[in-house]
Each structure stands twice: as C-alpha cells, then as structure tokens.
Amino acid sequence: MIHEFLSLVDIENFQAIYQKDISDDKYFGLPLEPIIACEKRLRAANERGIAYFSMEYGLATSFYNKFTTHRPIDFKNKTQEHEVFSNFRLADYFFTLKMDSIIDLPIYSGGLGVLAGDTLKTMADYKLAAVGIGMLWNTGYFRQKFWFKYGQLPEKIHWDVYSYPGLVPLKNRVKISLRNEEIILRLWKYYIYSYKHDYALPLILLDANIEPNSNKMRSLTDQLYRSDDVWIRVMQRVILGMGGVAALKEMGYHIDLFHLNEGHAAFAFLEKARGLSKKEIEALKGHFFYTCHTPVEAGHDRFRCEDLSKILKKEDFEIVQEYGRDVAGWINLTHLAMNVSSVTNAVSKSHQKVMHLQFPRYRETIKYVTNGVHHHTWLSDRFMNLFEKFSSTFVDVKANPYILAKARDLRQDQDFRRDLWLAHQENKADLCRLLEKWKLDKDVFTICWARRVAAYKRPSMIFYDINRLLDIAKKIGPLQIIFAGKAHPADNLGYTFINEILDKVDGLTDVYDYLRIILLENYEIYLAKLLTSSVDVWLNNPLPPFEASGTSGMKAILNGIIQLTTLDGWVAEAAHNNIGKIFGYRYEEPKLGSEYDLHLESDSQQLYLALEELVHLYYRTNKRGKVDLSSPWIDMMIDCIATAAEFNTYRMLDNYKHSIWHIY
Ligand SMILES: *Cc1c(COP(=O)(O)O)cnc(C)c1O
C-alpha cells in the first residue's frame with residue numbers, strides 16, 4: 001500500500017525523515033487506506049471535486065484525531081507555559097499553568113480558522129471528494145504574553161514544521177508568474193480524517209520559504225495576517241488564490257467547485273480565467289462560490305489599482321479591474337469575489353440582512369448559511385457519554401447531531417436531569433483542577449468571555465462598572481470570571497482593552513473571596529475546548545449587527561452551557577429557544593450604525609441586570625453543592641443542548657450541499 005501511496009503523494013526526504021511514521025498500513029498512527037481512497041477520487045474524472053480555500057485553519061490537532069510519531073515531539077511543538085493574571089496576587093508571582101501536550105497546528109488566528117477546520121472535518125465525515133487549500137505559516141500567528149499589568153506582548157512562534165506529526169513536505173513545486181518576477185511554492189500535505197477514521201481528505205498548504213525565492217519572498221509565508229506592508233498583503237493573497245489553483249493542477253485533481261472564504265482567496269479566479277474568452281469566463285463563474293464572514297471594515301481587502309498593477313501580470317490585472325472595481329482607483333476583493341462567484345453567502349440570517357445593506361447591488365446573489373461547530377470536536381467526552389447513556393432518545397448522535405433536539409423529551413426525566421448536572425460539574429471540576437493554584441470552587445457561579453479581542457466584541461464590558469460587579473458578588477453570591485483573548489498585533493484599540501482589563505483587575509486584590517478574576521494568556525483552541533465545556537455561563541457581548549455569526553456560543557450550548565448574550569449573529573436565530581439571557585442594544589434596520597460607537601455605558605448596565613438574575617437563579621439551584629434538580633436552570637441547560645441540533649456543521653454542510661453547491 002505504501003508504494004501506491006507514495007506514487008500519489010511524493011514526499012520530500014521520505015527515507016530520511018518520514019519512513020518510520022508512514023508504513024504499509026499506517027499514516028502517523030491512523031489508517032493509510034482512507035487517504036489513498038480520497039486521493040484517487042480527487043483524480044477521477046467523474047467526481048465533482050470541491051476545493052475549499054481559507055487563509056487559516058484551526059484544526060484542533062492537539063486533541064482531535066491526533067497523529068502519533070516515532071520521533072520525539074520537538075519541544076518547540078509543545079505547549080509552553082501560560083502565565084495567568086488574576087486578582088489573587090500571590091498566585092501570579094509563583095505559579096504558571098504548564099501544559100505538556102503538542103501545540104495545535106499554528107496556522108489560525110480565531111473563529112474563521114476554527115470554522116474552516118470544522119468544515120473540513122465535516123466534509124471528511126461526509127466522505128466528500130474535497131480538498132482544503134491553505135498556507136503553511138512558518139511562524140504561525142503569534143504567542144501572547146501578558147507583560148505583568150501593562151498589556152499584551154506578542155512573541156514570535158518558532159515551531160518545527162518538519163517534526164509536526166502528520167504534516168509532510170511534497171517534492172511538488174508550483175510557480176506563479178507576476179509582472180516582474182516569479183515565485184516558487186513548495187506544497188505540504190496534512191490529512192483530515194473522518195471521526196470514524198474511514199476517510200481522510202488532504203489539506204494542501206502553500207509555502208514560499210524555499211530556494212530560489214529571495215529572502216523577501218521567502219518571508220511571505222511567515223506570519224498570518226501580517227498587515228504592515230501592501231506588497232506582503234497582496235502577495236499572500238496571490239499565493240493562496242493563484243498558488244492554490246496551480247497546486248490543484250499540479251496534484252492532478254479534478255475540481256469542479258471552488259469555494260472561497262473571504263476575499264483573501266479571490267485571486268483563485270484569475271488563475272482559472274487566464275486566456276479564456278469573455279463567454280468562457282462567464283461560464284467559469286458557475287464553478288465559484290464565496291462566503292463572506294464579517295461585516296466589519298477590517299475584514300474587507302481594498303488595494304490601490306496602482307499597487308496591484310505593479311504586482312500582477314497585465315492580463316490578470318485587467319480581470320481584477322473588470323470584476324473588482326470599487327471607488328475610483330481602488331480594487332475591493334469582496335467585490336471581486338462576489339462578481340466572479342455564482343453564489344455569495346453570509347454566515348447567518350442577520351448577517352445576510354447586513355450584507356444586503358452594505359452591498360445593495362448584489363442583493364439577488366447573497367444568500368445565507370448559518371455557521372455551525374463540529375460536534376465531534378467540541379462535545380466534551382462526558383457529554384458524549386451522557387448522550388450515549390440515553391441512547392434510546394439520542395439515537396445515533398455521532399452520525400446525526402440533529403437528534404439533539406430530542407433533549408426536550410427528557411425535560412421530565414429525573415435521571416437525565418441529575419446526570420446532566422453531574423456531567424457538567426465534573427467538567428467544571430477539571431477546570432478547577434487546572435486552576436487549582438487559584439483556588440476556584442466548582443460550586444461558585446463561573447462566567448467566561450474568551451475569543452479574539454476586537455473592539456466590536458466589547459471585551460471589557462463586564463468590567464465596565466467594577467463597583468456594580470462587586471455589589472452583585474457581595475449581595476447575591478460569589479463570582480468567578482475567566483477571560484482570555486488575543487488582540488491582533490496591529491490593533492491598537494484592541495490593545496487598549498487588554499490594558500484596561502489588566503489594570504482594573506490589578507486593583508481588586510482584596511476581594512478575591514467573592515470576586516475571582518482569572519485572565520489566561522495566549523488563548524488557543526485547546527483552551528477554547530476546556531472553557532466552552534466547563535464554565536456555567538458563556539458571555540458573548542458583541543455590538544449588533546457586527547458579529548456575522550459567532551461560534552464559541554455554539555460550542556458552549558453543545559455542552560449545556562447557558563448563554564448571556566446580545567442579540568447578534570447566530571443568536572438571533574436561537575433567541576426564542578430559552579438558551580439563557582439576551583440583553584443590550586438592538587440594531588434596527590436600515591441604519592448600520594458605527595462599529596466604534598460601542599454603547600458601553602447603557603449595555604453594561606443591562607448586562608449587570610441580566611447577570612444579577614442569572615446569579616440569583618444559580619444560587620437557588622446550586623446551594624453550596626446541594627442541587628435543586630427541578631430548577632429552571634436545568635431546563636435552560638436542556639434547551640441549550642436541544643438548540644445545538646441546529647447550530648452544528650452537519651446542518652451547515654447540508655445547507656451548503658443543497659442550496660449553494662447543489663450536490664446531492
Ligand atoms: C471558537 C473560537 C473562536 C470564535 O469565537 P467567537 O465566539 O466566534 O468570537 C475564537 N478563537 C478560538 C480559539 C475558538 O476556538
């Protein structure tokens with residue numbers, strides 16, 4: 001089998017480096033056969049192959065479908081220490097969190113990457129003839145350090161690409177010709193297995209870090225979302241789009257459907273359109289699909305015509321000019337992607353309405369498919385066990401997450417209510433154990449805010465009025481608040497939120513008995529998994545309507561975690577389901593408002609009112625470990641689980657198959 005595999009996947013330095021890990025029937029510990037099956041299908045002329053493009057992938061490789069290797073894991077690929085900043089001052093000086101597992105493949109920054117990863121995993125579960133296209137970020141995104149109480153310090157990641165289990169360099173190269181120069185790309189492969197390990201689709205990662213590229217060229221695939229230089233930003237998009245299509249050709253894959261995530265990948269069209277007649281170009285559009293993931297300004301790429309014309313070949317630039325025009329002198333990759341795709345989709349119903357306002361000319365072609373999360377990745381083991389214990393209700397939940405809707409049938413089942421509570425408390429005990437130096441208590445109300453730090457997500461809102469927060473903790477019951485998130489290194493406004501939070505928490509050292517605040521450095525996927533399955537309440541307070549979808553709350557409801565959230569993104573579709581408390585500013589059409597007018601004063605007051613009610617209910621439900629199983633709190637947990645029937649990637653992929661790609 002190994003020879004068949006190597007004839008399809010030509011690995012560089014196979015003998016010297018990879019031979020031990022890829023044997024006759026195993027690929028880094030997982031079965032080799034499913035890889036061969038998928039590689040063959042992608043090359044078969046009768047398959048309608050799908051190529052899925054994304055700048056970033058968050059694959060959760062540290063805990064989901066882990067590969068094994070005969071070689072020791074390089075220390076650079078192991079999770080390092082996390083500092084913790086809390087208002088329990090003693091702890092900060094003496095203790096750090098140590099994690100000794102492999103790092104998640106560091107080629108993502110946040111929710112978009114995690115969604116792309118969850119999508120590939122679901123495509124593997126569905127056994128589609130699909131391939132992912134992405135970038136091999138040689139220095140990842142960045143590692144976040146807190147600089148005591150003064151803010152965030154980004155550090156470069158030095159991971160070892162050659163010893164990361166499952167990742168292999170190919171002998172294949174592709175060349176992209178530009179106006180005045182050429183760039184050579186090396187291709188890497190990683191495999192995405194189905195949860196049953198009976199299918200595995202390739203993810204191709206593009207890498208500029210090789211000879212004979214100049215040093216400047218080689219650094220193009222160093223850091224994800226480096227934004228300090230126009231040439232770098234354009235070239236990264238050239239690599240993903242044009243390089244990606246060239247890589248598919250080099251692999252011999254028959255691709256019928258090209259799915260672009262964000263305008264980042266829009267140059268893929270150029271590579272396919274080169275040399276075609278006008279009529280052929282029109283026909284080509286039928287094979288392109290585009291998902292827009294954000295209404296915020298920074299998410300839309302705009303470039304000056306003069307910059308692009310200096311980089312792209314004349315004929316490529318002409319297509320960009322024809323299909324990507326914005327205001328005079330500018331090209332907008334969102335316009336380009338919409339103009340060259342047969343369907344554009346928003347990522348929630350509310351985001352579709354926003355897109356209709358932002359792009360009225362494209363009203364007819366903009367649909368929506370609400371995002372989801374991959375339940376095999378995000379469901380905690382204890383909750384999977386719980387559902388399997390009640391398998392006469394949750395029939396075949398592994399293959400059919402829609403069945404979670406049946407949780408409502410168990411509302412009156414005392415055994416289910418008890419086991420659900422116990423499963424949650426055990427998950428919460430894991431969190432408390434990890435943070436044992438900080439003396440967290442599993443019978444204390446625990447709320448978490450964790451995601452990318454961006455202004456519209458309003459990271460500091462719960463700390464807006466510390467006295468009000470203290471008041472709730474003193475009068476109703478103690479609070480544990482967990483916070484984690486990175487701000488993009490160029491996002492100065494993002495930095496100020498982190499500074500503000502660190503500074504405020506620094507002033508709260510004498511209230512630790514009833515208000516415990518834990519700030520975790522360097523938010524990564526494995527922390528997301530832990531937090532979205534262990535706290536009591538998931539806090540989500542973006543400014544409507546700027547959260548296109550949001551997905552962390554979906555991870556939380558799978559694990560029965562109650563939501564405290566504004567009405568935005570996916571939440572607007574779930575708000576009637578008794579998943580928690582909805583508060584705050586409501587956006588009204590047709591005025592979008594400003595993503596910088598944060599309504600902090602009024603929304604934080606509403607947040608505290610809603611929090612107060614939740615804390616009240618929590619302590620009526622959990623009286624120092626004595627639980628009232630008839631509490632409406634447990635009804636809410638059940639309704640969260642039932643809602644997860646809809647907000648998962650199986651439902652999402654079904655939508656893409658039926659209403660976007662039309663494959664059955
Ligand atoms: C799920 C996830 C996100 C997305 O969070 P939102 O709620 O969509 O803002 C960001 N970062 C990580 C690491 C995640 O796992």
Side-chain angles (χ1 to χ4, degrees), residues 54 56-64 79 82 99 103-119 121 140-144 224-225 293-296 298-299 347-348 350-351 370-375 377-380 447-459 461 482-488 491 494 497 520-535 537-544 546-559 561 563-572 574 579-580 595 644 647-649 652:
S54 174
E56 51 169 311
Y57 289 92
L59 293 160
T61 49
S62 66
F63 61 87
Y64 183 74
T79 305
H82 287 255
M99 313 242 192
I103 54 169
D104 283 305
L105 206 52
I107 55 169
Y108 73 97
S109 81
L112 172 65
V114 173
L115 178 86
D118 279 6
T119 304
K121 284 180 265 182
Y141 183 46
F142 74 94
R143 221 183 102 71
Q144 178 192 47
L224 173 60
Y225 298 138
H293 291 267
T294 181
V296 307
V347 291
S348 71
S350 121
H351 180 216
T370 305
N371 283 342
V373 295
H374 183 241
H375 65 296
T377 304
W378 296 104
L379 196 56
S380 61
I447 185 169
C448 177
W449 190 103
R451 50 182 56 76
R452 278 187 314 115
V453 169
Y456 81 90
K457 288 176 183 273
R458 303 190 290 188
M461 187 186 284
I482 304 198
F483 175 92
K486 297 177 185 175
H488 185 286
D491 180 1
F497 289 109
L520 297 172
E521 190 182 76
N522 201 36
Y523 188 50
E524 295 273 359
I525 292 182
Y526 63 91
L527 282 179
K529 168 89 181 213
L530 176 75
L531 295 172
T532 57
S533 59
S534 65
V535 299
V537 172
W538 194 255
L539 176 61
N540 176 56
N541 48 17
L543 172 73
F546 294 100
E547 189 66 271
S549 165
T551 51
S552 60
M554 301 178 191
K555 301 166 192 167
I557 57 171
L558 258 179
N559 293 296
I561 290 178
Q563 307 292 300
L564 176 54
T565 175
T566 48
L567 192 71
D568 203 8
W570 76 277
V571 177
I579 56 169
E595 63 187 88
F647 296 94
N648 61 73
T649 42
M652 180 186 88

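All ligand and atom numbering here is 1-based and tracks the order in the structure.
- Checking only distances, T551 does come within under 3.5 Å of ligand 1, N or O to N or O.
- E547 and Y456 share a donor-acceptor pair across their side chains, judged by distance under 3.5 Å alone.
- Residue A528 touches ligand 1 through its side chain alone, judged by heavy-atom distances below 4.0 Å.
- Ranking protein heavy atoms by distance to atom 10 (C) of ligand 1, first place goes to G111 N, 3.4 Å.
- Residue G550 has at least one heavy-atom neighbour below 4.0 Å for each of these atoms of ligand 1: 8 (O).
- Here T532 contributes atom OG1 and N559 contributes atom CG; the two are 6.0 Å apart, rounded to the nearest 0.5 Å.
- By the criterion of a heavy-atom distance under 4.0 Å, neither the backbone nor the side chain of K529 is placed next to ligand 1.
- Counting heavy atoms closer than 4.0 Å to ligand 1, residue V114 contributes side-chain atoms (C-beta onward) but none from N, CA, C or O.
- Ligand 1 has at least one atom lying under 4.0 Å from a heavy atom of W378.
- The shortest N or O to N or O distance between E524 and ligand 1 is not under 3.5 Å.
- Between R143 and E524 there is no salt bridge, since no side-chain nitrogen of the basic residue lies less than 4.0 Å from a carboxylate oxygen of the acidic one.
- Nearest to atom 7 (O) of ligand 1 among the protein's heavy atoms is S552 OG, 2.4 Å.
- Ligand 1 has no nitrogen or oxygen under 3.5 angstrom from a nitrogen or oxygen of Y108.
- Side-chain contact of W449 with N541: a donor-acceptor pair under 3.5 Å is present, judged by distance alone.
- Side chain of T566 to backbone of P542: a donor-acceptor contact under 3.5 angstrom is found.
- Checked by atom type and distance alone, the side chain of T565 pairs as donor or acceptor with a backbone atom of N540 at under 3.5 Å.
- Without hydrogens or angle criteria, S348 side chain to H351 main chain gives a donor-acceptor distance under 3.5 Å.
- Judged by distance alone, with hydrogens and angles left aside, the side-chain atoms of K486 form a donor-acceptor pair with the main-chain N or O of F142 at under 3.5 Å.
- Summary of contacts: the protein heavy atom closest to atom 13 (C) of ligand 1 is Y523 CE2, 3.7 Å.
- Around atom 9 (O) of ligand 1, the closest heavy atom drawn from K457, H293, K555 belongs to K457.
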